[in-house]
Amino acid sequence: MFKKNLKQTVVTRLFLAGCSACAALAFTACDPDNGDKPEKEKAGAFFLSVTGESAEYILQVNNPEEGSVSIADNVKTLEMSGYTWIFNNKPSVAIGLIYRQGDPGVGLGYTVTADGALHESGQFQIASRFTSYGFFDRYALSSVGGQTPVDAQGNALTDAGGNARTDGVTFNFIDLENGFSLQEKSLTTLNMTGNGEQATFSGIVDMGNGEFLTGLVMSKPRDPNATGGASSGTITYPDSVWVAAFDAGLNLKRIYRDNRISYSSGRFRSAYYSQIGKAENGDVYVFSGSYETATTRPAGALRILRNATAFDASYYFNIEEKSGGYRFRRIWYIAENYFLLEIYNDLIPSATAAATRYGVVDMSAKTFRWVTGIPAFDKITATGQPAAYSGKMYFPVTEDGANPAIYVIDPATALAVKGLSVTGATTVNAIGRLTE
């Protein structure tokens with residue numbers, strides 16, 4: 001139980017959203033377990049979140065590889081703006097998370113109907129802020145650390161010095177199969193790894209066996225006089241990585257630990273970006289962008305083989321060396337063993353440095369390629385959450401003086417080609433592929 005224990009309310013609102021200009025188009029994808037045999041076609045659409053001058057809009061498009069679309073053709077104008085959108089495959093759903101600076105925010109769920117139209121399928125109320133998120137089993141999860149645990153009487157737990165503890169983590173479990181109902185669960189992290197420190201969690205990766213993985217950012221308790229929203233304190237072990245496995249009850253199943261890379265999380269202000277990704281064969285790659293200036297470990301990655309209980313001792317990928325000395329902030333899975341990396345512009349980045357260079361890594365071959373065909377790194381003013389689909393990466397990029405556009409990246413060559421542009425928008429915040 002935690003000090004912040006607000007009642008959650010769930011409102012489900014159903015309606016069909018669409019427009020005649022956005023008729024659905026079914027795409028055919030290849031089944032990776034069945035060679036080139038195509039899957040059965042499913043009705044589907046690409047979901048775009050875009051920001052205009054005064055609002056956020058949801059657009060539906062059929063083919064993001066060409067043409068243009070206007071925000072005037074939007075499926076819906078949202079009542080709030082500033083959503084973080086995440087996309088799941090099974091069930092296929094877009095979840096919009098929002099935090100309203102202390103006030104409850106309305107989260108949104110979108111699906112696709114049998115005829116391929118985007119459908120707002122539910123709403124839920126979010127009372128707590130979040131710094132990390134992902135999907136597990138039938139849930140969308142968000143988490144936030146730095147919370148104060150309380151006893152059964154609601155009194156704050158304190159440390160040896162009488163200060164309120166800050167090692168609590170609060171999760172929101174949003175049930176995708178039960179009307180987007182939300183349940184809050186909490187746990188304490190003090191001495192979780194045996195070093196007397198507390199943890200902030202970064203990322204959610206579903207292992208497919210009733211467990212999920214999350215990166216641990218271990219630190220001293222946060223200075224109570226510190227400003228900003230980050231939940232971590234001083235990092236005293238910058239040359240170590242920990243990853244925890246939990247079940248749906250937040251029971252700790254095991255901890256993966258190693259000293260070949262730094263902790264697994266990208267950092268920007270109060271956000272903790274996931275740097276853990278699972279490949280199609282079930283192997284998990286744990287990246288570290290070496291955020292801490294004190295670390296002696298290069299930016300790189302380790303591997304957890306499918307169903308393994310420890311890191312693969314035979315696998316290490318020094319990505320910083322292959323990139324020519326650059327470090328990265330975010331990672332996204334594309335297909336097979338390919339990942340897209342968001343890379344800092346400077347060789348020695350600061351905590352708030354720009355990161356508008358991009359590269360593709362093949363984790364099996366341990367190769368690195370710079371992405372070509374996108375605007376120059378110093379001309380990119382914004383990017384959005386990309387979508388992996390049918391072996392390609394669809395990446396929203398805004399270039400100075402131009403309309404936002406979707407760039408299509410071929411991971412084998414790291415070549416990007418400009419696709420759909422969005423007129424009337426300042427940025428494309430996210431793109432995702434939804435099917436019925």
Side-chain angles (χ1 to χ4, degrees), residues 202-203 215 235 238-241 258-268 271 273-277 279 285-303 311-312 314-384 386 388 392-393 395-400 407-418:
S202 179
I235 304 294
D239 290 344
S240 299
V241 62
D258 208 289
N259 293 322
R260 289 176 288 172
I261 59 175
S262 187
Y263 65 71
S264 181
S265 179
R267 302 278 300 277
F268 184 71
Y273 295 130
S274 176
Q275 291 186 347
I276 306 176
Y285 291 96
V286 177
F287 295 78
S288 173
S290 296
Y291 173 83
E292 297 296 325
T293 56
T295 186
T296 65
R297 304 297 189 252
L302 303 179
R303 180 172 64 186
F311 280 110
D312 179 359
S314 68
Y315 184 91
Y316 169 72
F317 184 6
N318 186 335
I319 299 172
E320 186 170 334
E321 179 182 51
K322 292 293 180 70
S323 69
Y326 287 88
R327 298 183 177 188
F328 53 87
R329 185 167 65 188
R330 288 196 283 184
I331 67 103
W332 298 282
Y333 180 61
I334 306 175
E336 299 177 1
N337 290 296
Y338 294 110
F339 285 80
L340 176 67
L341 305 185
E342 179 183 79
I343 299 169
Y344 287 105
N345 293 347
D346 301 323
L347 285 172
I348 305 176
S350 65
T352 57
T356 53
R357 299 180 188 266
Y358 297 90
V360 173
V361 285
D362 182 332
M363 303 305 289
S364 178
K366 297 182 183 177
T367 58
F368 173 94
R369 291 174 182 265
W370 289 104
V371 174
T372 59
I374 60 173
F377 73 92
D378 56 351
K379 298 296 183 181
I380 295 175
T381 59
T383 60
K392 304 173 185 178
M393 183 63 94
F395 188 31
V397 177
T398 303
E399 180 181 7
D400 187 25
Y407 285 80
V408 186
I409 302 173
D410 177 353
T413 62
L415 175 63
V417 176
K418 187 175 182 179

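Being a predicted model, the structure only gives us computed values, none of them experimental.
Between Tyr407 and Val417, every side-chain heavy-atom pair lies at or beyond the 4.5 Å cut-off.
For the 3.5 Å distance criterion, the side chains of Ser314 and Asp312 qualify, holding a donor opposite an acceptor.
Here the closest heavy-atom approach between residue Pro396 and residue Pro386 is recorded as CD-CA, 3.9 Å. The minimum heavy-atom distance between Val241 and Ser262, with the atom names listed, is CB-O, 3.3 Å. When all heavy atoms of Ile319 and Ala301 are compared, the pair lying nearest together is CD1-CB, 4.2 Å. For the pair Val371 and Val360, the tightest heavy-atom approach, listed with the atom from each and the gap, is CG2-CG2, 3.8 Å. Between Thr295 and Pro238, the shortest heavy-atom contact is OG1-O, 3.0 Å. Taking every heavy atom of both residues into account, Met393 and Ala388 meet most closely at SD-N, 3.7 Å.
Judged by distance alone, with hydrogens and angles left aside, the side-chain atoms of Tyr263 form no donor-acceptor pair with the main-chain N or O of Gly266 at under 3.5 Å. With hydrogens and angles ignored, the 3.5 Å screen pairs a side-chain donor or acceptor of Arg327 with a backbone N or O of Ser290. For Ser202 (side chain) and Tyr273 (main-chain N/O), a donor-acceptor pair under 3.5 Å exists by modelled atom type.
To the nearest 0.5 Å, atom CG of residue Asp410 and atom NZ of residue Lys392 are 8.0 Å apart. For the atom pair CD of Gln275 and CD1 of Ile261, the computed distance is 8.5 Å after rounding to the nearest 0.5 Å. Interatomic distance, CD1 of Ile380 versus CD1 of Ile374, reported as 4.5 Å (0.5 Å rounding). Atom-to-atom distance recorded for Arg297:CZ and Glu292:CD is 14.0 Å, nearest 0.5 angstrom. A distance of 7.5 Å separates OG in Ser264 from CD1 in Ile331, rounded to the nearest 0.5 Å. Rounded to the nearest 0.5 Å, atoms OG (Ser274) and CZ (Phe287) are 10.0 Å apart.
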Please list, one pair per line, the donor and acceptor atoms closer than 3.5 Å that link side chains of residues 338-349 to other protein atoms, with sequence neighbours excluded.
| unit_1 | atom_1 | unit_2 | atom_2 | d |
| --- | --- | --- | --- | --- |
| Glu342 | OE1 | Arg329 | NE | 2.9 |
| Glu342 | OE1 | Arg329 | NH2 | 3.3 |
| Glu342 | OE1 | Arg330 | NE | 3.2 |
| Glu342 | OE2 | Arg330 | NH2 | 3.1 |
| Asn345 | OD1 | Thr356 | N | 2.9 |
| Asn345 | OD1 | Thr356 | OG1 | 3.2 |
| Asn345 | OD1 | Arg357 | N | 3.4 |
| Asn345 | ND2 | Thr356 | OG1 | 3.1 |

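Relative to the six-membered ring of Tyr316, Lys366 misses at least one condition, a distance below 6.0 Å or an angle of at most 45° to the axis.
A salt bridge is absent between Asp400 and Lys379: the closest approach of a Lys/Arg side-chain nitrogen to an acidic carboxylate oxygen does not fall below 4.0 angstrom.
Here the rule is ring pair (Phe, Tyr, Trp, His ring centres under 6.0 Å) with Tyr358, and of Phe368, Phe328, Phe377, Phe395 only Phe395 fits it.
Atom NZ of Lys418 has 12 or fewer heavy atoms from other residues, nucleotides or ligands within 6.0 Å.
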Tyr315/Tyr285 under side chain to side chain contact (heavy atoms under 4.5 Å, CB included): CA gap, chis, key distance, verdict:
CA-CA 10 Å; Tyr315 184 91; Tyr285 291 96; 3.7 Å; yes
